[in-house]
Structures are given as C-alpha cells and as structure tokens.
**Student:** 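What follows is a single structure, and I will ask about it in a moment.
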Amino acid sequence: MRLAKRIENLPPYLFVEITKKIAEKKARGEEVISFAIGDPDMPTPPHIIKRLCQAAQDPANHRYPETAGLPELRQAIARWYQKRFDVTFDPDKEVVPLIGAKEGIAHLALCFIDPGDIALVPDPGYPVYAVGTLLMNGKPYYLPLTEENDFLPDLDSIPENILKEAKLLWLNYPNNPTGAVADLDFFNRVVEFARRYDLAVCHDGPYTEVAFDGYQPVSFMQADGAREVGIEFHSFSKTYNMTGWRIGMAVGNATMIDALTRVKSNLDSGIPQAIQLAAIEALDGPQDVIQEHNAVYQRRRDLVVDMLNSIGLETKPSKASLYLWVKVQKGYNSIDFAAELLDQVGVVVTPGIGYGQSGEGYIRLSLTISDAGLVKGLSRLAGWRDSRNKFKVKVT
Ligand SMILES: Cc1ncc(COP(=O)(O)O)c(C=O)c1O
C-alpha cells in the first residue's frame with residue numbers, strides 16, 4: 001500500500017504523548033480535568049432543539065439536501081449579518097452554508113491552491129488553514145503573531161518575493177488560540193494590502209459573538225471594500241453551542257463563494273435539512289442566550305486569570321473568544337509544561353507549539369469547562385504551585 005505524499009506531508013500530531021498519558025490516567029481510574037478543548041459545555045438552547053426535533057419528524061427533511069443550502073437559511077444568514085454588522089449580502093450569490101466552518105476552510109484550499117502555491121497563514125493559528133494548504137501540496141508561509149504586535153500579523157515584514165507568489169491570506173479574530181482581537185482599522189489596512197498584492201482574504205470569525213465586558217467584535221466584512229477581496233467564515237458552533245450539529249457559513253466575495261460552492265457540490269451533499277431549519281431558528285430566535293453564555297464565560301475567565309496570576313503564570317483577560325493564552329514558566333517548553341501539569345495534578349492544557357512555532361512558550365486554556373470542573377481544576381493548579389515550590393521542579 002502506498003499512501004499519497006500529501007498524507008506524509010501532514011504535520012505530526014503533537015498531542016500524541018499527552019493523549020496517551022490522559023488515556024493511561026483514565027485507565028488507572030484517575031480523574032483528569034481538561035481545559036484543552038474549545039467545545040462549549042453548555043447545551044444548545046431549547047428553542048433550537050425543539051425546532052430540530054420538529055423538523056426531523058417531517059419526511060420532507062429526510063431526503064438529500066442541496067449543497068447551496070435552503071434559500072431560507074441563506075436569507076436568514078444575510079438577515080443576521082445585516083442586523084449584527086450592518087452589512088448586506090445577496091443570499092443567492094454571497095452566502096453559502098457549510099458543514100461547520102472547518103469544512104469550508106479546508107475545502108477553500110481546493111479553490112485556490114495549486115501545487116507550490118503559497119498561502120499566508122497566522123502562527124500560532126487554527127491548524128486547518130495550513131493543513132488545507134498542505135493537502136493541496138501548497139506552501140504555508142507563516143505570519144508570526146507576537147505579543148509585541150498585539151498578536152496581529154506584521155504584514156509589512158512579509159518579503160516581496162513571497163507576496164508576489166502568495167494567493168491567500170488567512171486571518172482569524174477574535175483569535176484562536178491567543179484570544180486577541182482586531183479592529184476595523186486593521187481590517188481596512190488588510191483590504192488595501194490584499195488589493196496591492198492580489199491576495200484573496202479568508203477571515204475566520206467564529207468567535208465574534210463570544211465577547212466580554214461589553215466589547216463587540218467587528219466583522220472583516222465591515223471593512224471598506226472587503227467583499228471585493230475576501231470572504232468570512234462563521235459558525236453556529238460557538239455562538240449557539242452547536243458544535244455537535246455541524247453547521248457554519250461563508251459570506252462575501254461572490255467569485256470565492258461560487259468556487260467554494262462548486263467544490264462542495266462535487267464533494268458533499270449539503271447539511272441535513274433539519275439542522276438547517278434549526279439554524280434558521282438560532283439566527284431568527286431570541287438572541288439573549290448569547291449574553292447569558294458570555295456572562296458565564298466571563299465569570300470563569302476572571303476566576304482563571306486571577307488564579308493563574310496568583311501562582312505566577314502570566315496571562316491577561318481576553319476581550320473575546322473562549323481562550324486564555326498563558327505564558328509557561330521559564331525553563332519549560334510548552335509540551336513539557338503541559339505534560340508536567342497532567343502528570344502531577346491531572347490537569348490538561350494545550351501546548352502552544354501545537355498551533356505553530358510562534359506558539360512556543362505558551363499554553364492555551366479553554367473556558368468551556370463546567371463550573372464544578374473549573375473549581376476543581378483551579379484548586380489542583382494551586383496545589384501544583386505548592387508542590388512545585390517545595391520540590392523546586394525545573395524552576396529557573
Ligand atoms: C478559529 C476556528 N475556526 C473554525 C473552527 C471550527 O468551527 P466549526 O465547528 O464551525 O467547524 C474552530 C473550532 O474550534 C476555530 O477555533
């Protein structure tokens with residue numbers, strides 16, 4: 001059997017050791033507390049589930065859906081963007097529903113990347129931007145996101161020869177994993193930059209509705225001329241606790257939306273129709289659930305930040321997203337640090353290197369952990385501080 005080179009080119013799964021250790025601990029009956037995954041612990045709101053159940057009973061929804069999605073869903077997505085961001089989209093040409101944003105992100109590479117083509121990819125970043133490029137035998141060029149630059153890419157530092165060859169620019173704000181946000185000035189500069197170098201911009205914005213302290217993230221599509229150069233991926237996953245239902249959307253540039261829809265129509269058969277109808281209910285139904293979820297995350301964020309700072313781990317409260325980006329203790333790399341937390345106190349965090357080289361020196365904590373788990377996890381971390389001081393484990 002000879003697998004394709006593109007499979008060999010995929011980056012190694014960096015969490016393999018940690019995953020193995022979690023399994024060992026669980027097999028020994030030890031309880032592991034995980035801050036690792038950005039999967040909302042709160043359930044999908046009941047009115048959305050009610051609509052899903054109703055729709056599932058209707059035989060009209062038992063058949064193949066269309067790739068382009070129900071016109072009613074595309075219209076609801078356009079209405080939501082209008083209401084939330086004051087941006088108007090043509091539901092027939094500038095909107096496509098996705099089987100989760102992840103599916104669209106991966107498939108977009110098929111629309112742009114020929115072998116050897118370059119995609120500009122944030123580092124650290126959601127791994128699928130680079131993986132989609134690699135699967136098409138393209139070349140990711142990594143844009144470091146550093147604290148000094150507020151975790152925004154320094155576009156002016158990209159060499160001209162790279163820019164001449166690059167076709168895609170991936171961005172994601174509010175950001176996974178750093179929790180950083182971008183403002184409209186930045187997005188306006190991105191549009192100018194994309195025009196200058198003929199880049200297609202893919203902004204990934206699944207966290208625009210997860211925000212704290214009254215902060216309201218902007219959409220890339222609000223930037224002047226954004227629809228001439230790019231699209232935005234969005235999702236029902238984090239806004240409405242719908243990760244398990246697998247539904248998202250892309251909006252913006254009609255040529256890009258058309259290309260993505262054409263690829264998808266050859267590869268998948270759309271989103272189950274009952275789920276599309278539940279998604280319409282999510283967009284059109286009561287939105288106060290979002291504030292309720294955010295209040296919970298904000299309270300958790302404050303608890304975690306206070307505790308981490310009190311044990312000497314540096315982190316700032318994120319304005320948005322589900323994540324805290326935390327500097328590891330000096331003398332550790334992110335994998336060793338995460339492994340030690342797991343070994344000593346059974347707490348799982350994600351090593352920053354898993355999101356790219358520039359993620360080294362950090363770990364990511366997700367706020368999607370039940371209140372009970374959070375309290376237990378934090379008290380274990382406090383205990384870890386004590387034992388670490390006592391035994392002087394690798395403290396430099
Ligand atoms: C930045 C980012 N984009 C996309 C996704 C995937 O979203 P979906 O559940 O809609 O596929 C995630 C999920 O964690 C994410 O963090």
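Every number for a ligand or one of its atoms is a count from 1 in the order of the listing.
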**Student:** Got the closest protein heavy atom to atom 11 (O) of ligand 1, with its distance?
**Tutor:**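 Nearest neighbour among protein heavy atoms for atom 11 (O) of ligand 1, to 0.1 Å: Arg246 NH2, 2.7 Å.
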**Student:** With atoms numbered from 1 as shown, which atoms in ligand 1 lie under 4.0 angstrom from a non-hydrogen atom of Ser237?
**Tutor:**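 Ligand 1 atoms under the 4.0 Å threshold to Ser237: 8 (P), 9 (O), 10 (O).
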**Student:** Would you mind telling me if ligand 1 is within reach of the side chain of Trp170, the backbone, both or neither, using heavy atoms under 4.0 Å?
**Tutor:** neither
**Student:** Do me a favour and list the nearest non-hydrogen protein atom to atom 13 (C) of ligand 1 with residue, atom name and distance?
**Tutor:**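 The answer is Lys238 NZ, 3.1 Å.
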**Student:** Judged by modelled atom types alone, do Glu340 and Tyr332 share a side-chain donor-acceptor pair under 3.5 Å?
**Tutor:** yes
**Student:** Quick one: closest heavy-atom pair of Ala250 and Leu260, and the distance?
**Tutor:**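 Nearest pair, atom of Ala250 first, then Leu260: CB-CD2, 4.2 Å.
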**Student:** Going by the atom numbers of ligand 1, which of them fall below 4.0 Å from some non-hydrogen atom of Ala101?
**Tutor:** 7 (O), 8 (P), 10 (O), 11 (O)
**Student:** Within 45 degrees of the axis of the six-membered ring of Tyr215 and under 6.0 Å from its centre: does Lys319 put its NZ or CZ there?
**Tutor:** yes
**Student:** So for ligand 1, is Ser235 a polar contact partner (N or O within less than 3.5 Å, distance only)?
**Tutor:**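 Yes: some nitrogen or oxygen of Ser235 is under 3.5 Å from one in ligand 1.
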**Student:** Between ligand 1 and Asp204, can you find any atom pair, the residue atom being a heavy atom, that is separated by under 4.0 Å?
**Tutor:** yes
**Student:** Does the side chain of Asp213 pick up a donor-acceptor pair with the side chain of Gln298 at under 3.5 Å?
**Tutor:**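 Yes, because at least one side-chain N or O of Asp213 sits under 3.5 Å from a partner of the opposite role on Gln298.
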**Student:** For Asn172, counting its heavy atoms only, list the atoms of ligand 1 lying under 4.0 Å from any of them.
**Tutor:** 1 (C)
**Student:** Enumerate the atoms of ligand 1 whose separation from the nearest heavy atom of Tyr207 is less than 4.0 angstrom.
**Tutor:**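 With Tyr207 as reference, the close atoms of ligand 1 come out as 1 (C), 13 (C), 14 (O), 15 (C), 16 (O).
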**Student:** Taking the non-hydrogen atoms of Trp245, is any one of them nearer than 4.0 angstrom to ligand 1?
**Tutor:**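 No, Trp245 has no heavy atom closer than 4.0 Å to ligand 1.
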**Student:** Between the side chains of Arg246 and Glu103, is the shortest nitrogen-to-carboxylate-oxygen separation below 4.0 Å, so that they form an ion pair?
**Tutor:**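 No, no charged N to carboxylate O under 4.0 Å.
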**Student:** Is there a donor in the side chain of Tyr141 and an acceptor in the side chain of Glu165, or the other way round, less than 3.5 Å apart?
**Tutor:** no
**Student:** Go through ligand 1 atom by atom and flag the ones less than 4.0 Å from a non-hydrogen atom of Gly100.
**Tutor:** 10 (O), 11 (O)
**Student:** Among all protein heavy atoms, pick the one closest to atom 6 (C) of ligand 1 and tell me residue, atom and distance.
**Tutor:** Tyr126 OH, 3.3 Å
**Student:** Under a 4.0 angstrom heavy-atom cut-off, which atoms of ligand 1 come close to Tyr129?
**Tutor:** 1 (C)
**Student:** By number and element, which atoms of ligand 1 are closer than 4.0 Å to a non-hydrogen atom of Asn176?
**Tutor:** 1 (C), 15 (C), 16 (O)
**Student:** Return yes when atom CZ of Arg63 has more than 12 non-hydrogen atoms of other residues, nucleotides or ligands closer than 6.0 Å, and no otherwise.
**Tutor:** no
**Student:** Does at least one non-hydrogen atom of Pro206 fall below 4.0 angstrom from an atom of ligand 1?
**Tutor:**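 It does; at least one heavy atom falls under 4.0 Å.
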**Student:** Could you tell me if Asp41 and Ser370 have a donor-acceptor pair between their side chains, going purely by distance under 3.5 Å?
**Tutor:**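 The answer is no; no qualifying pair exists.
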**Student:** Looking only at atom types and distance, does a side-chain atom of Arg301 sit under 3.5 Å from a main-chain N or O of Ser318, one as donor and one as acceptor?
**Tutor:** yes
**Student:** Will you find, in the side chains of Tyr362 and Tyr355, an N or O donor that is under 3.5 Å from an N or O acceptor?
**Tutor:**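 The answer is no; no qualifying pair exists.
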**Student:** If I apply the N/O under 3.5 Å rule, does Lys102 come out as touching ligand 1?
**Tutor:**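 Indeed, backbone or side chain, Lys102 has an N or O that close.
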